[in-house]
Student: 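This is the structure, below, for whatever I ask next.
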Amino acid sequence: MMFLFFQSLSIDGDELVEGEEILTKENTQISHKGNEKDENIKEILVVDQVTQPIFNLDEAIIESVFVETSVDSDNDGNLDRIHASVIRPKETEDGIKVPVIYEITPYRYGLNSLSFYDVDVALNPVDRNGKVNGKPYSALAEVDFPGPYENYFVPRGYAIVVAESIGTALSNGCPTVGDENEVLAASSVIDWLNGRTKAYSEDGLLISADWSTGNVGMIGVSYNGTLDIGVASTGVKGLKTIVPIAAISNWYDYYRANGAVVAPGGYQGEDTDILADAVLTRENPEVCHEVVDELKQAQDRETGDYNGFWDQRNYMNDIDKINASVFIVHGLNDWNVKTKQFSQLWDALGENKVSRKLWLHQQGHTSPSRVREVEWEDTLHKWFDYWLYDIDNGIMNEPLVDIQREDLSWSLEDKWPAEGTVSTALYLDQLSTDQAGVASLIDDPMINAVDLVAHPQESKPYRILYTTNELADSVRISGTPEVSIQASIDQPVSNLTVLLVDYSASSAKIVTRGWMDPQNINNINKSKPIEPNEEYTFTWDMQPDDYVFEQGHRIGIVFIASDYDYTLRPPSGTKVTIYPEESKVVLPIVGGEGAIK
C-alpha cells in the first residue's frame with residue numbers, strides 16, 4: 001500500500017502541504033477517460049490516512065437503474081430486475097472511478113399490514129410414522145438505516161447504491177425470505193458494478209457503471225444486513241467487505257430454536273410467509289401469492305424441524321466461500337435477531353481465517369450510530385477506506401473486539417468469547433432451590449417469564465428455581481450457556497424453557513434464555529415421540545451473551561415450560577419433573593470454576 005507524496009499541489013486553488021497524500025491512477029484503481037488529464041478534476045485526497053470530503057454533495061449525480069438478475073422468482077419466464085438508486089460524485093462523469101457502499105433492502109416502500117399466526121394453540125405431537133395430524137411432514141421490524149452515509153461518504157469519494165430486493169418497491173420478482181433467489185438477485189448489483197451484467201434506465205436504455213472501481217462494501221441493519229451475509233457467502237467477485245448489523249446468519253435460528261417454534265422478540269406469531277407478505281410492495285403483488293403460499297407450506301410450523309427449506313436459508317453452510325472481510329455489530333440485548341446469529345458467524349469466520357472485527361453493545365435491535373455515534377463514524381470510515389481504497393490506516397492492527405459493558409463503558413479485547421473463558425458445570429443438586437429433591441412445575445403459558453422469575457424466596461408451581469450462593473466476587477460469562485437435564489413430562493409434547501437470571505437483593509433480571517421442543521431430543525432435523533412420564537436427558541443451548549454478575553448477586557437458573565413472549569402457548573397443565581442429581585447448567589465463565597467459588 002503505497003502513496004505518492006508531494007511538496008505541494010494545487011487542488012481547487014488550495015495548496016496541499018507536505019505530509020498530505022493524494023491517490024492517483026498510478027497507485028489506485030482510479031483512472032481517467034482519455035489520455036489527457038483535465039486539471040479541473042479532483043483526485044481522491046487522503047490526509048492523516050483517511051479520505052477527505054473534497055467532492056460537492058450538492059453536485060452529485062443521482063440516477064435510477066434496473067439491474068438484470070440471474071433469477072426468475074415470480075416464474076413469469078423473464079429474469080427479475082431489481083431497482084437501485086445511485087448517488088456518486090459529479091467528477092465520475094469526467095473519469096474519476098470510485099468504490100461503492102451498497103445497501104439492499106426490502107423496506108424501501110415500508111411494510112404492508114401484518115396478520116400474525118395465533119400462538120395460543122395446542123402443540124403437535126408426532127406419531128411413530130413421523131406425521132403430525134396425519135400429514136407428512138416471523139416480522140423483522142422496519143429498520144432505521146443510519147441515514148447520512150451518503151452525506152458522509154460521497155464527498156469523500158464513494159458512490160452509494162441502495163437497491164430494493166425482489167418483490168419490493170420498484171423491483172419485480174417475489175420476496176422469498178433469504179433464499180438463493182434473494183441472495184443472487186442482491187449479488188447482481190455487484191455484478192453490474194463489475195461489468196458482468198446489464199442495467200437499464202426506466203426507458204429501457206442500457207446503463208453502464210464505468211465510473212465504478214469494482215470494489216464494493218455492503219452494509220445494512222436487520223434484514224438489510226442479513227442479505228449482506230447471504231451475498232458474501234456466494235463468494236461474488238468484487239465484494240471486498242460487509243458490515244452486517246443486527247443481522248441473521250441462519251434463518252432457522254430466527255424463527256425456531258432446537259425444534260421449537262419461537263418468535264422474534266416483539267412479533268409473536270410471525271413466520272416467513274408473514275414477512276414475505278409484509279414486504280410484498282411491488283406492483284401487481286398478486287403474482288406472488290403462489291410463492292408466498294409455498295413458504296407457508298414449507299416452513300413447517302407443525303413440527304418446527306429443520307428441513308430443506310431452512311437449509312436453503314442457512315448461510316453458515318457456505319462460510320468457506322466468503323472472501324470479503326466482515327465487521328459484525330450486534331446488541332447483546334437484541335431479542336429480535338438474537339445473539340446466536342452473530343456468535344455462530346463470528347466463530348465460523350475465525351475457523352475459516354476470514355478478516356473480521358466485532359462490536360457488541362448493550363442496546364437491542366438497533367444501529368451503533370445510536371450507541372456510539374462519533375466512534376462509529378470514525379471506525380466505519382477507516383474500515384471502508386482500508387478495504388475499498390486500500391489505505392493502510394492501521395484499522396486491522398486494532399483490537400478485534402469492542403464490548404460495551406453494563407455501565408456503558410467500552411472495553412477492547414483481542415478475542416470473543418473472552419480470553420480465559422472455560423465451560424463450567426454447575427450441578428443443580430449443589431445449588432439452592434425452592435424445591436428440594438425431585439422438582440416439578442406446571443405449565444401456565446399465560447404468565448410472563450418476568451413474573452415467573454420474580455421473588456426467588458417464594459415457591460411457585462409454574463417454575464423450578466436454582467441459585468448459587470451470593471457471589472464473593474463478580475463473575476463474567478462470555479459465550480453460550482447450555483443446560484442438560486434429566487426430566488420427565490406427563491404429556492407427549494411440551495415446550496421447555498430455561499432462563500439465566502441475575503438476582504440482586506431487590507431485583508431479578510433475565511440475562512439470557514433458551515428453548516427446546518423435547519421431541520427433538522436427538523437433533524433438530526427430526527421430531528420423535530416421547531413417552532409420557534418416562535425419564536429422558538434433554539440438552540439445549542441458551543442465547544450467547546457477555547455479562548457480568550456483580551459481587552453479592554446470585555446466579556439463577558429458572559426452568560419453565562412455555563415462554564409467553566416467544567414460544568407457542570398451548571393449554572396449561574402440562575407437568576414437567578426434573579431430577580437434579582443428573583442435571584446441570586454449563587456456563588462459559590471467564591476464569592472457570594475458580595472464579596465462582
Side-chain angles (χ1 to χ4, degrees), residues 116-125 138 256-270 301-302 304 335 428 431-467 483 485-503 507-520 530-536 538 540 542-543 556-580 583 585:
F116 297 108
Y117 283 98
D118 182 7
V119 299
D120 298 323
V121 295
L123 301 176
N124 293 302
S138 112
R256 308 286 185 267
N258 302 302
V261 175
V262 299
Y267 296 91
Q268 259 289 27
E270 192 203 321
R301 284 182 69 84
E302 285 75 22
W335 287 99
L428 300 188
L431 301 176
S432 300
T433 181
D434 60 352
Q435 297 186 46
V438 175
S440 298
L441 65 87
I442 302 297
D443 186 21
D444 189 339
M446 305 313 291
I447 303 178
N448 192 288
V450 172
D451 296 324
L452 286 170
V453 303
H455 308 297
Q457 70 280 5
E458 298 178 5
S459 180
K460 296 184 178 183
Y462 310 113
R463 74 178 185 199
I464 302 172
L465 180 148
Y466 298 91
T467 68
V483 63
I485 60 171
Q486 186 172 352
S488 62
I489 302 168
D490 73 346
Q491 301 294 324
V493 63
S494 177
N495 292 310
L496 291 177
T497 301
V498 62
L499 311 165
L500 186 68
V501 185
D502 182 356
Y503 284 110
S507 67
K509 176 184 177 181
I510 298 174
V511 175
T512 187
R513 62 224 294 170
W515 312 270
M516 180 189 186
D517 178 349
Q519 296 178 113
N520 291 90
I530 59 171
E531 295 292 336
N533 300 311
E534 184 172 322
E535 294 180 23
Y536 295 91
F538 300 111
W540 71 101
M542 301 184 219
Q543 291 299 311
I557 301 97
V558 178
F559 294 94
I560 60 177
S562 300
D563 190 347
Y564 180 86
D565 289 318
Y566 295 95
T567 66
L568 300 180
R569 303 191 292 239
S572 61
T574 297
K575 182 179 180 180
V576 178
T577 301
I578 294 179
Y579 304 88
S583 302
V585 62

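Atom set for the values below is all heavy atoms of this structure, side chains included, hydrogens, waters and symmetry mates excluded. Throughout, numbering of the chain's residues begins at 1 and tracks the sequence.
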Student: Within a 6.0 Å radius of atom OH on Tyr462, are there more than 12 heavy atoms belonging to other residues, nucleotides or ligands?
Tutor: no
Student: Side chains of Gln491 and Leu123, heavy atoms from C-beta outward: is any pair under 4.5 Å?
Tutor: no
Student: Determine whether Lys509 and Val501 satisfy the following criterion, side chain to side chain contact (heavy atoms under 4.5 Å, CB included), listing intermediate values before the conclusion.
Tutor: CA-CA 5 Å; Lys509 176 184 177 181; Val501 185; 5.6 Å; no
Student: Hey, could you give me each pair passing side chain to side chain donor-acceptor pair (under 3.5 Å) that has a residue in residues 438-447? Not counting sequence neighbours.
Tutor: Ser440-Thr577, Asp443-Ser562
Student: Looking at Trp540, is its backbone amide N or carbonyl O close enough to the side chain of Asn258 to form a donor-acceptor pair, meaning the two atoms are under 3.5 Å apart?
Tutor: no
Student: Against the six-membered ring of Tyr564, is Arg569 placed for a cation-pi contact (under 6.0 Å from the centre, within 45° of the normal)?
Tutor: yes
Student: Would you say the side-chain atoms of Arg463 pair up with the backbone N or O of Leu452, donor to acceptor, closer than 3.5 Å?
Tutor: yes
Student: Please check this pair: side chain of Asn495 against backbone of Asp517, looking for a donor-acceptor N/O pair closer than 3.5 Å.
Tutor: no
Student: Okay, side chain of Lys460, backbone of Ala454: is any donor-acceptor separation there less than 3.5 Å?
Tutor: yes
Student: Considering non-hydrogen atoms only, spot the tightest contact between Thr467 and Leu431 and give its length.
Tutor: O-CB, 3.4 Å
Student: Could you pull out the closest heavy-atom pair between Ser459 and Asp434, with the gap in Å?
Tutor: OG-O, 4.0 Å
Student: Examine distances only and state if a side-chain atom of Thr567 and a backbone atom of Val262 form a donor-acceptor pair shorter than 3.5 Å.
Tutor: no
Student: What's the separation between atom CD1 in Ile557 and atom CD1 in Ile485, rounded to the nearest 0.5 Å?
Tutor: 12.0 Å
Student: Measure across Pro518 and Ile530 and return the closest heavy-atom pair with its distance rounded to 0.1 Å.
Tutor: O-CG2, 3.8 Å
Student: Please report the interatomic distance CD1(Ile578) to CD(Glu535), rounded to the nearest 0.5 Å.
Tutor: 12.0 Å
Student: Does a donor on one side chain sit under 3.5 Å from an acceptor on the other, for Asp565 and Asn448?
Tutor: yes
Student: Taking all non-hydrogen atoms of both residues, which atom of Gln519 and which atom of Pro492 are closest, and how far apart?
Tutor: OE1-O, 3.9 Å
Student: Taking atom CD of Gln268 and atom OH of Tyr117, what is their separation to the nearest 0.5 Å?
Tutor: 13.5 Å
Student: Under 3.5 Å, is there a donor-acceptor pair between the side chain of Thr497 and the main chain of Ala561?
Tutor: yes
Student: Which heavy-atom pair separates Ile464 from Val576 by the least distance, and what is that distance?
Tutor: CD1-O, 4.2 Å
Student: Between atom CD of Gln457 and atom OG of Ser432, what is the distance when rounded to the nearest 0.5 Å?
Tutor: 13.0 Å
Student: Taking ring pair (Phe, Tyr, Trp, His ring centres under 6.0 Å) as the test, write out the residues that go with Trp515, two or more places apart.
Tutor: Tyr566
Student: Check whether any side-chain heavy atom of Ile560 lies under 4.5 Å from a side-chain heavy atom of Leu499, and answer yes or no.
Tutor: yes
Student: For Tyr579 and Ser488, work out which heavy atoms get closest and say how close.
Tutor: OH-OG, 3.4 Å
Student: Got a sec, which residues hit salt bridge (Lys or Arg N to Asp or Glu O under 4.0 Å) with Asp451, two or more places apart in sequence or on another chain?
Tutor: none
